Amino acid sequence: MFYTGAPQNTKRERLNNNLTIRAYDLMKKHDIDIKNVVVHAPYIINLANRNNTSNYDFAVSFLRQEIKRCEELGISKIILHPGSHVGFGIDVGIKNIIDGLNDVINPNQLVFICLETMSGKGSECGSNFDELKRIIDGVKYNDKLLVCLDTCHLHDAGYDISDFDNVLKEFDEIIGLSKLGCLHINDSKNEQGSKKDRHANIGLGQIGFGNLINVIYHPLLIDVPKILETPYVEEEGKKDKVYPPYKWEIKMIKEKRFDQHLLDNIRGS
Ligand code: FE
Ligand code: FE
Ligand code: ZN
């Protein structure tokens with residue numbers, strides 16, 4: 001997964017063919033299929049809030065451009081946070097998201113928009129399958145919509161990841177497994193139902209290593225791309241030296257064995 005610019009803002013450069021070719025070469029070298037590469041839309045895009053017309057119009061036009069960028073790059077999925085209703089209530093939020101997606105999606109686009117399940121922090125819409133289903137049902141070309149399940153968000157929203165078969169069963173009954181486009185694999189710093197949305201490294205949070213391994217290797221999810229969004233770790237308590245944990249986490253995932261030392265070595269105290 002990557003962002004087409006900084007995740008926190010909407011400044012975007014024109015596509016650079018040289019960089020794209022280098023990225024394709026690197027993916028080939030590391031056996032990463034473009035089919036499994038997704039783009040995440042910036043966090044500040046909020047289709048649920050229509051109080052400021054110019055912000056809303058900007059969000060719609062940004063997403064249209066993001067779809068074009070992805071088509072040019074050969075990327076088939078964009079992850080989108082459905083949005084926050086900012087106090088106007090879940091029904092207003094969901095209606096705005098539906099209208100927004102209807103403004104954004106064109107029937108000929110080659111890119112799917114994956115609505116991410118949210119933790120329910122603040123006034124976030126889409127923290128349970130029913131809300132996502134309402135959004136999907138309201139969108140005209142909803143064959144262009146998929147869902148991204150985020151394990152930290154599900155857990156924080158109240159779902160029990162230790163009974164993931166049941167979570168998937170509920171997802172299948174309400175939305176349908178064929179609509180599952182992507183998984184975000186994160187542990188959570190907080191307890192189930194906390195509505196906090198603070199990601200933890202694999203095995204270092206309240207979901208736990210074994211439960212995440214069950215999700216990653218679930219037989220129904222073999223073909224669904226899985227992405228780590230775990231926090232960077234500090235080296236020996238040096239706040240200025242932080243490292244991506246992915247190399248170590250992927251090793252543990254491949255070996256299906258939790259190794260405290262791997263993370264301790266770089267995490268410090
Ligand atoms: Fe996200
Ligand atoms: Fe996520
Ligand atoms: Zn999150």
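Below, each value reflects all heavy atoms present in this structure, side chains not excepted, and no hydrogens, waters or symmetry copies. Given the structure is predicted, the values throughout are model-derived calculations rather than measurements. Whatever order the structure lists ligands and atoms in, that order sets their numbers, starting from 1.
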Original post:
By atom name, which N, O or S atom belonging to E229 lies closest to the Fe ion (ligand 2)?
Top reply: OE1
**OP:** With the Zn ion (ligand 3) at the centre, find the angle made by NE2 from H153 and OD1 from D197, to 10°.
**Re:** 90°
**OP:** Measure from the Fe ion (ligand 1) to each N, O or S atom of H40 and report whether any distance is below 2.8 Å.
**Re:** yes
Original post:
Do you see an N/O/S atom of H81, backbone or side chain, under 2.8 Å from the Fe ion (ligand 1)?
Top reply: yes
[X] atom [atom1]: more than 12 heavy-atom contacts under 6.0 Å:
X: E255; atom1: CD; answer: yes
X: K95; atom1: NZ; answer: no
X: R12; atom1: CZ; answer: yes

Subject >> F62 six-ring face occupied by R69 cation (under 6.0 Å, within 45°) >> reply: yes
Original post:
Does H199 bring an N, O or S atom to within less than 2.8 Å of the Zn ion (ligand 3)?
Top reply: yes
Original post:
Is the distance from the Zn ion (ligand 3) to the nearest N/O/S atom of E229 under 2.8 Å?
Top reply: no
**OP:** Using a cut-off of strictly less than 2.8 Å, determine whether H184 has an N/O/S atom near the Fe ion (ligand 2).
**Re:** yes
**OP:** Let me see the working for R50 and D99 under salt bridge (Lys or Arg N to Asp or Glu O under 4.0 Å), right down to the final yes or no.
**Re:** CA-CA 10 Å; R50 278 193 98 142; D99 291 344; 3.8 Å; yes
**OP:** Could you please compute the angle at the Fe ion (ligand 2) from OD2 of D150 to OE2 of E116, rounded to 10°?
**Re:** 90°
Subject >> Sub-6.0 Å ring centroid separation between H153 and H199 >> reply: yes
